[in-house]
Amino acid sequence: MGKRLQLLAEVLPGVSHIGIVQGPGTTGVDFPEIQAAAVKLRLTLDSFEVPQPDDIDAVFKKAAERTGGVAVLSGPLIFAHRARAAAAAARHKVPAIYYDEAYTESGGLVSYGPSLRGLHRNAAVLVDKILKGAKPSDLPVEQPTKFELIVNLRSARALGLKIPQSVLVRADQIIE
């Protein structure tokens, strides 16, 4: 999450206030870590909760009024309605960074997170080991090692943003 805040700050030079958008069921989030990253980046954070799908538009509208951009946390509600979330961010002109490439493919501005292809490849290796007789309890727990940065230039143009070259050269994929 710290890296996503850093990337959002790079995409939005001079931004000082960032929103964190989340829905019910958001897991794996360490809020003290997010706050520590924000302090390092000299960002003020504001939290926005999306309790139901019908609240997505209102939440992004409120975030646009109160922040310079948002980081959207991974969770089942927002992920299931990712196109709606990306459309709300665009409609209210709030730049957003997401956890998963599915958001940028749905029109979101930027995503940074574990490579899904890498995760699937690792899962296949583990399944192969189990099918060859390994006990699941003997297999190591592995963290993702490959992360992908995806930038949607169409969304950037719609927001009137010019993505810095320093971000574009690090992008694994650029959606034109």
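Here, residue 1 is the first one in the sequence, and each next residue gets the next number.
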**Request:** Quick one: do Ile150 and Tyr98 satisfy side-chain contact (heavy atoms from CB on, under 4.5 Å)? Show the steps, please.
**Result:** CA-CA 10 Å; Ile150 301 171; Tyr98 304 89; over 6 Å; no

**Asked** So how far is it from Leu149 CG to Gln173 CD, rounded to the nearest 0.5 Å?
**Response** 10.0 Å

**Prompt:** Got a donor-acceptor contact below 3.5 angstrom from the Arg4 side chain to the Tyr112 backbone?
**Reply:** yes

Donor-acceptor contacts, no H, no angles, side chain residues 53-66, under 3.5 Å, sequence neighbours left out:
| residue | atom | partner | partner atom | Å |
| --- | --- | --- | --- | --- |
| Asp54 | OD1 | Arg84 | NH2 | 3.1 |
| Asp55 | OD2 | Gln52 | N | 3.2 |
| Asp57 | OD1 | Arg91 | NE | 3.0 |
| Asp57 | OD1 | Arg91 | NH2 | 2.7 |
| Asp57 | OD1 | His92 | NE2 | 3.1 |
| Asp57 | OD2 | His92 | NE2 | 3.3 |
| Arg66 | NE | Asp46 | OD2 | 3.2 |
| Arg66 | NH2 | Asp46 | OD1 | 3.2 |
| Arg66 | NH2 | Asp46 | OD2 | 2.6 |

**Message:** With a 4.5 Å cut-off on side-chain heavy-atom distances among I, L, V, M, F, W and Y, is there a chain of contacts connecting Phe147 to Tyr99?
**Reply:** no

**Request:** Please confirm whether the backbone N or O of Val11 pairs with a side-chain atom of Lys162, one donor and one acceptor, at under 3.5 Å?
**Result:** no

**Asked** Do the side chains of Pro95 and Leu12 get nearer than 4.5 Å, heavy atoms only?
**Response** yes

**Request:** Might you work through the salt bridge (Lys or Arg N to Asp or Glu O under 4.0 Å) test for Arg170 and Glu148, ending with a clear yes or no?
**Result:** CA-CA 9 Å; Arg170 289 179 285 161; Glu148 292 182 330; over 6 Å; no

**Message:** Could you report the tightest heavy-atom contact between Gly107 and Ala86, atom names first, then the distance?
**Reply:** C-CB, 3.8 Å

**Minimum-distance pair of heavy atoms, taken over all atoms of Ser155 and Gly108** = OG-O, 3.6 Å

**Item:** Distance-minimising heavy-atom pair for Ser47 and Gln22
**Value:** OG-NE2, 3.7 Å

**Request:** List the steps, then state whether side-chain contact (heavy atoms from CB on, under 4.5 Å) holds for Ser111 with Asp100.
**Result:** CA-CA 6 Å; Ser111 65; Asp100 189 284; 5.9 Å; no

**Request:** Evaluate the side-chain proximity of Leu5 to Ile34: yes if any heavy-atom separation is below 4.5 Å, no if none is.
**Result:** yes

**Close side-chain approach of Met1 to Leu73, heavy-atom, < 4.5 Å** = yes

**Message:** Any non-hydrogen side-chain atom of Thr104 less than 4.5 Å from a side-chain atom of Ile175?
**Reply:** yes

**Request:** Could you tell me the separation between the NE2 atom of His81 and the OG atom of Ser106, rounded to the nearest 0.5 Å?
**Result:** 12.5 Å

**Asked** Same hydrophobic cluster for Leu45 and Val94, using side-chain heavy-atom links shorter than 4.5 Å among ILVMFWY?
**Response** no

**Item:** Minimum side-chain heavy-atom gap Leu43-Val15 below 4.5 Å
**Value:** yes

**Test log, rule side-chain contact (heavy atoms from CB on, under 4.5 Å), inputs Leu159 and Leu109** = CA-CA 9 Å; Leu159 290 168; Leu109 178 62; 4.1 Å; yes

**Asked** Can you check whether Leu139 reaches Lys129 side chain to side chain, under 4.5 Å on heavy atoms?
**Response** yes

**Message:** Could you see if Ile18 belongs to whatever hydrophobic cluster contains Val167? Use Ile, Leu, Val, Met, Phe, Trp, Tyr and a side-chain cutoff under 4.5 Å.
**Reply:** yes

**Side chain proximity check, Val110 to Ile97, heavy atoms < 4.5 angstrom** = yes

**Prompt:** Is it the case that more than 12 heavy atoms not belonging to Lys3 sit under 6.0 Å from its NZ atom?
**Reply:** yes

**Request:** Compare all side-chain heavy atoms of Asn152 with those of Ile174 and state whether any distance is below 4.5 angstrom.
**Result:** no

**Item:** salt_bridge(Lys146, Asp172) N-O dist < 4.0 Å
**Value:** yes

**Asked** In terms of ring plane angle, is the pair Tyr103 and Phe79 parallel, tilted or perpendicular, where the classes change at 30° and 60°?
**Response** perpendicular

**Asked** Considering all heavy atoms of both residues, which atom of Ala96 and which atom of Leu8 are nearest to each other, and what is their separation?
**Response** C-CD1, 4.5 Å

**Item:** Closest non-hydrogen atom pair between Glu10 and Ser166, with its separation
**Value:** OE1-OG, 3.5 Å

**Message:** If I compare all heavy atoms of Glu49 with all of Pro24, which pair ends up nearest, and what's the gap?
**Reply:** OE2-N, 3.4 Å

